[in-house]
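What follows is a set of notes on a single structure, which appears directly below.
Every heavy atom of this structure was used, including side-chain atoms; hydrogens, water molecules and symmetry mates were not.
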Amino acid sequence: MLALKYSDIQTNKEGTTFIHKPNQKTDTPFLIPIIEKAQNLIDKYKQDAHTRIYHKDKVFPVKSNANFNKRLKVIADICGIKKDLSTHVARYTCNQLLYEQGVSNERRKQILGHLSVDMTEHYTTKDVNILHEEMKKL
């Protein structure tokens, strides 16, 4: 989120808007379709004069990862979330939600920008109920 630039956001010929950029840690390119709620947030900040003037091509007005994590903690307090939120927790949660929705290991690897499926699997908690539902399909 900190390094996301408008130049990282593209629209393909079918009209799908997505983020296309290399993973900061591994330099592995990832492609993430942007859902409507996220697009609304991007549009909101694009109209914000402060963000446009002081943050140039950056989508969100965040100065540092620590600043971003501080904002997440404030949001957690407002929402009554007891867990400490951070960018790492967000990535883990994203992976878990995608897993629970049946998104393949390879697709989750691409979304998260991991080099290997093994790393994606490392961040996946296998829920017995989910596994049971998958087995019922067989």
Side-chain angles (χ1 to χ4, degrees):
M1 299 295 297
L2 179 64
L4 183 63
K5 297 179 179 180
Y6 286 106
S7 55
D8 299 326
I9 299 172
Q10 302 172 9
T11 303
N12 65 14
K13 59 186 173 193
E14 290 82 23
T16 302
T17 304
F18 56 91
I19 297 169
H20 183 228
K21 64 180 288 177
N23 179 296
Q24 187 175 355
K25 190 174 181 181
T26 64
D27 205 38
T28 305
F30 62 85
L31 200 65
I32 303 173
I34 299 175
I35 62 174
E36 185 180 350
K37 287 183 181 182
Q39 186 62 55
N40 292 342
L41 193 59
I42 290 167
D43 292 343
K44 174 187 174 194
Y45 281 103
K46 194 170 194 169
Q47 294 173 10
D48 179 63
H50 179 270
T51 303
R52 283 196 331 268
I53 293 167
Y54 295 102
H55 297 280
K56 307 283 186 235
D57 187 38
K58 296 209 175 160
V59 175
F60 299 108
V62 182
K63 295 176 184 167
S64 67
N65 193 46
N67 177 266
F68 184 74
N69 286 334
K70 242 188 245 181
R71 290 178 181 200
L72 286 175
K73 287 176 186 7
V74 170
I75 292 168
D77 287 344
I78 291 168
C79 295
I81 298 171
K82 301 296 180 211
K83 185 173 184 91
D84 282 340
L85 299 183
S86 66
T87 51
H88 179 75
V89 169
R91 285 176 54 79
Y92 176 85
T93 302
C94 175
N95 176 58
Q96 193 63 33
L97 290 172
L98 291 169
Y99 169 75
E100 290 173 9
Q101 291 298 313
V103 176
S104 72
N105 293 340
E106 185 60 34
R107 293 289 177 246
R108 291 192 338 269
K109 176 184 106 55
Q110 287 176 312
I111 290 169
L112 296 170
H114 289 153
L115 289 173
S116 72
V117 171
D118 291 341
M119 181 54 68
T120 304
E121 283 293 302
H122 173 75
Y123 286 100
T124 306
T125 302
K126 303 293 194 278
D127 185 322
V128 173
N129 294 328
I130 295 168
L131 294 174
H132 177 68
E133 292 300 316
E134 291 296 318
M135 292 302 289
K136 283 184 359 186
K137 291 178 187 176
L138 296 175

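The distance from atom CG of Asp8 to atom CG of Leu4, rounded to the nearest 0.5 Å, is 5.5 Å. From Asn69, atom CG reaches atom CG of Asn65 across 4.5 Å, with rounding to the nearest 0.5 Å. With values rounded to the nearest 0.5 angstrom, Lys70 atom NZ is found 15.5 Å from Leu85 atom CG.
Nearest heavy atom pair, residue Thr120 against residue Asn105, reads CG2-O, 4.2 Å. Taking each heavy atom of Val62 and Phe68 in turn, the nearest pair found is CG1-CB, 3.5 Å. Here the closest heavy-atom approach between residue Ala76 and residue Lys83 is recorded as CB-O, 4.2 Å. For Ser7 against Asp57, the heavy-atom pair with the smallest separation is OG-OD2, 3.0 Å.
Side-chain atoms of Asn67 and Arg71 include a donor-acceptor pair closer than 3.5 Å.
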**Asked** Under the side chain to side chain contact (heavy atoms under 4.5 Å, CB included) criterion, do Leu97 and Glu100 qualify, and how do the steps go?
**Response** CA-CA 5 Å; Leu97 290 172; Glu100 290 173 9; 4.2 Å; yes
**Request:** For the pair Ile9 and Phe18, evaluate side chain to side chain contact (heavy atoms under 4.5 Å, CB included) and give the outcome as yes or no after the intermediate values.
**Result:** CA-CA 6 Å; Ile9 299 172; Phe18 56 91; over 6 Å; no
**Message:** Run Thr124 and Asn95 through side chain to side chain contact (heavy atoms under 4.5 Å, CB included) and show every step you take.
**Reply:** CA-CA 7 Å; Thr124 306; Asn95 176 58; 2.9 Å; yes
**Request:** For side chain to side chain contact (heavy atoms under 4.5 Å, CB included), just list the numbers for Lys21 and Lys5, CA-CA rounded to whole Å, side-chain angles, deciding distance to a tenth of an Å, and then say yes or no.
**Result:** CA-CA 9 Å; Lys21 64 180 288 177; Lys5 297 179 179 180; over 6 Å; no
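Between Thr16 and Thr11 the shortest side-chain heavy-atom distance does not fall below 4.5 Å.
Partners of Gln39 by side-chain contact (heavy atoms from CB on, under 4.5 Å), not counting sequence neighbours, listed by chain and number: Thr17, Ile34, Ile42, Asp43.
In terms of modelled atom types and a separation under 3.5 Å, the side chain of Gln96 and the main chain of Thr125 share a donor-acceptor contact. Between the Arg91 side chain and the Leu112 main chain, a donor and an acceptor come within less than 3.5 Å of each other. Remark: the backbone N or O of Val89 is paired with a side-chain donor or acceptor of Thr93 at under 3.5 angstrom.
Around atom CD of Glu36, no more than 12 heavy atoms belonging to other residues, nucleotides or ligands sit under 6.0 Å away. Atom NZ of Lys73 has more than 12 heavy atoms from other residues, nucleotides or ligands within 6.0 Å.
One hydrophobic cluster holds both Ile19 and Leu41 under the rule that ILVMFWY side chains link at heavy-atom gaps under 4.5 Å. Tyr92 and Ile32 fall into different hydrophobic clusters, where Ile, Leu, Val, Met, Phe, Trp and Tyr residues are linked whenever their side-chain heavy atoms come under 4.5 Å apart, directly or through other members.
Using a 4.0 Å cut-off between charged nitrogen and carboxylate oxygen, Arg108 and Glu121 count as a salt-bridge pair.
In this structure, Lys46 forms a cation-pi arrangement with Tyr6, its terminal cationic atom sitting closer than 6.0 Å to the ring centre and no more than 45° off the ring axis.
For Tyr123 and His88, the distance between ring centers is under 6.0 angstrom.
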